[in-house]
Amino acid sequence: MSFIVTTGATGALGGRIAALLAEAGAEQRLVSRRAVGRAPRLDRATAVDAEYGDRAAMRRVLDGASTVLFVSGSESADRLDRHRAFVAAARDAKVAHLVYVSFYGAAPEATFTLARDHWATEQCIRESGLAFTFLRDNLYADFLPAMAGDDGVIRGPAGRGRVAAVAQDDIARAAAGVLLRPGPHEGATYDLTGPQALTLEEVAATMTEVTGREVAYHEETVAEAYESRRVYGAPAWQIEAWVSTYLAIAAGELEGVTDAITVLTGEPATTFADLLRRRTPESGPVPAADT
């Protein structure tokens, strides 16, 4: 009997997708590094622990799967190597269809440094011979509120650039639809965006209007951006990734708006204002910027 493998099942996006697949009656194998005891308890779902970089373990996890959701691994210096090991395991297991959660504008010279990893992963999947669908998510709209510091200021070198951020619930609905009926989407790449592109000034103004909390945007220089983030003690590659998120906005690389959410779900994409109205204190932690 075939089943869907849902990776990243303990994360914000993977968990949403798993819940939608369960509602549709799909049999699933929920996979993450610590899935057992942490993955959502869903009908017809079994949790399995496995790490992307462990090719042998992933080969066993993927054996017998018809369709696989491949949520990108956690940010790390060796993430691309772990992705390559996972793709090799999927090829060895003869997975019928791989649905990869990539990033908007993935390209070898993308300003956002992590988008380069996504492009390299896409190329690896293409070269594997596996049937695939790429879902290139724009920045998570759910993440935008976390850009504001405790003082209510969003700081970064984004200039007057715009970002067509997309709600995770919309991504989940789109991904679930593809996973349940992958055939028509074989070989397709979908750019998933919100319904409008906003400057960070407009993001701040929307947050102020909807939440009642005063939020403002302060444009940093690139040098200021690097300096202000050094206090977190993160490695150089990660600080560069954080800063390059804003630089990609400034460069206009995240501003394109598509109708892919509507095409894949039959419903309009969620506006940032509506997403804020739906948020509650019980919503859980804000997700990372990258998928």
Give me the atom names and distance for the closest heavy-atom approach of [X] to [Y].
| X | Y | result |
| --- | --- | --- |
| R33 | S74 | NH2-OG, 3.7 Å |
| A47 | V36 | O-CG2, 3.7 Å |
| T113 | A241 | OG1-CA, 3.3 Å |
| A12 | Q168 | CB-OE1, 3.6 Å |
| A225 | P157 | CB-CD, 3.7 Å |
| A167 | A141 | N-CB, 4.0 Å |

Would you check if the side chain of [X] reaches a backbone N or O of [Y] as a donor-acceptor pair within less than 3.5 Å?
| X | Y | answer |
| --- | --- | --- |
| D259 | T262 | no |
| T270 | L275 | no |
| S32 | A35 | yes |
| S102 | L135 | no |
| Y217 | G156 | yes |
| H218 | V153 | no |
| T7 | L69 | yes |
| E27 | I4 | no |

Atom [atom1] of [X] and atom [atom2] of [Y]: how far apart are they, to the nearest 0.5 Å?
| X | Y | atom1 | atom2 | answer |
| --- | --- | --- | --- | --- |
| Y100 | H118 | OH | NE2 | 4.5 Å |
| D78 | L80 | CG | CG | 9.5 Å |
| E224 | T221 | CD | OG1 | 3.5 Å |
| E253 | S244 | CD | OG | 9.5 Å |
| E127 | R84 | CD | CZ | 9.0 Å |
| I249 | E255 | CD1 | CD | 10.5 Å |

Decide whether [X] and [Y] meet the rule of one side-chain donor and one side-chain acceptor closer than 3.5 Å.
| X | Y | answer |
| --- | --- | --- |
| R79 | T121 | no |
| T133 | H97 | yes |
| S228 | E220 | yes |

Test log, rule side-chain hydrogen bond (donor to acceptor under 3.5 Å, both in side chains), inputs S76 and R82: CA-CA 10 Å; S76 66; R82 291 187 289 126; 2.8 Å; yes
Test of ring centre spacing under 6.0 Å for F103 and F112: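 When the ring centroids of F103 and F112 are compared, they turn out to be within the sub-6.0 Å range.
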Qualifying side-chain hydrogen bond (donor to acceptor under 3.5 Å, both in side chains) pairs, either residue in residues 148-167, two or more places apart: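 Those involving residues 148-167 are D151-R155, R160-E201, R162-E202.
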Close side-chain approach of [X] to [Y], heavy-atom, < 4.5 Å:
| X | Y | result |
| --- | --- | --- |
| M207 | P145 | yes |
| D274 | V210 | no |
| Y104 | L139 | no |
| V99 | F134 | no |
| I125 | F70 | yes |
| I261 | T193 | no |
| W237 | E75 | yes |
| R55 | F86 | no |

Y52 and H83 aromatic ring geometry - parallel, tilted or perpendicular at 30°/60° bounds: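 Perpendicular.
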Trace of the side-chain hydrogen bond (donor to acceptor under 3.5 Å, both in side chains) decision for R91 with S128: CA-CA 7 Å; R91 183 192 60 220; S128 74; over 6 Å; no
Option among I171, D170, D169 that satisfies the side chain to side chain contact (heavy atoms under 4.5 Å, CB included) test with R16: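 In the set I171, D170, D169, the residue that makes a side chain to side chain contact (heavy atoms under 4.5 Å, CB included) with R16 is D169.
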Side-chain ion pair, R229 and E240, N-O less than 4.0 Å: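 No.
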Carboxylate-amine/guanidinium proximity below 4.0 Å for R116 and E109: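 Not counted as a salt bridge, because no side-chain N and carboxylate O are separated by less than 4.0 Å.
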same_hphob_cluster([X], [Y]) at 4.5 Å side-chain heavy-atom cutoff:
| X | Y | answer |
| --- | --- | --- |
| V95 | V48 | yes |
| V257 | L198 | no |
| L20 | L179 | no |
| L180 | I17 | yes |

Intermediate values then yes/no, side-chain contact (heavy atoms from CB on, under 4.5 Å), D137 and L13: CA-CA 11 Å; D137 307 340; L13 180 59; 4.1 Å; yes
With a 6.0 Å cut-off (strictly less than), is the heavy-atom count around [atom1] of [X], excluding the residue itself, greater than 12?
| X | atom1 | result |
| --- | --- | --- |
| R230 | CZ | yes |
| R41 | CZ | no |
| Q123 | CD | yes |

Would you mind writing out the side-chain donor-acceptor pairs for residues 58-65 within the sub-3.5 Å range, not counting sequence neighbours?
from : atom 1 : to  : atom 2 : distance (Å)
R59  : NE     : D92 : O      : 3.3
R59  : NH1    : D63 : OD1    : 3.4

Residues clustered with [X], ILVMFWY side-chain links under 4.5 angstrom:
| X | result |
| --- | --- |
| L30 | L42 |
| I239 | V222, Y226, V231, Y232, W242, V243, L247 |
| W119 | none |

Worked check of side-chain contact (heavy atoms from CB on, under 4.5 Å) between T206 and L276: CA-CA 9 Å; T206 302; L276 290 174; 4.0 Å; yes
Pair L192-T258, side-chain contact (heavy atoms from CB on, under 4.5 Å): steps then yes or no: CA-CA 7 Å; L192 304 185; T258 76; 5.9 Å; no
Identify each donor-acceptor pair in which a side-chain atom of residues 182-191 lies under 3.5 Å from a protein atom, sequence neighbours left out, and give them as a table.
from : atom 1 : to   : atom 2 : distance (Å)
H185 : ND1    : Y190 : OH     : 2.8

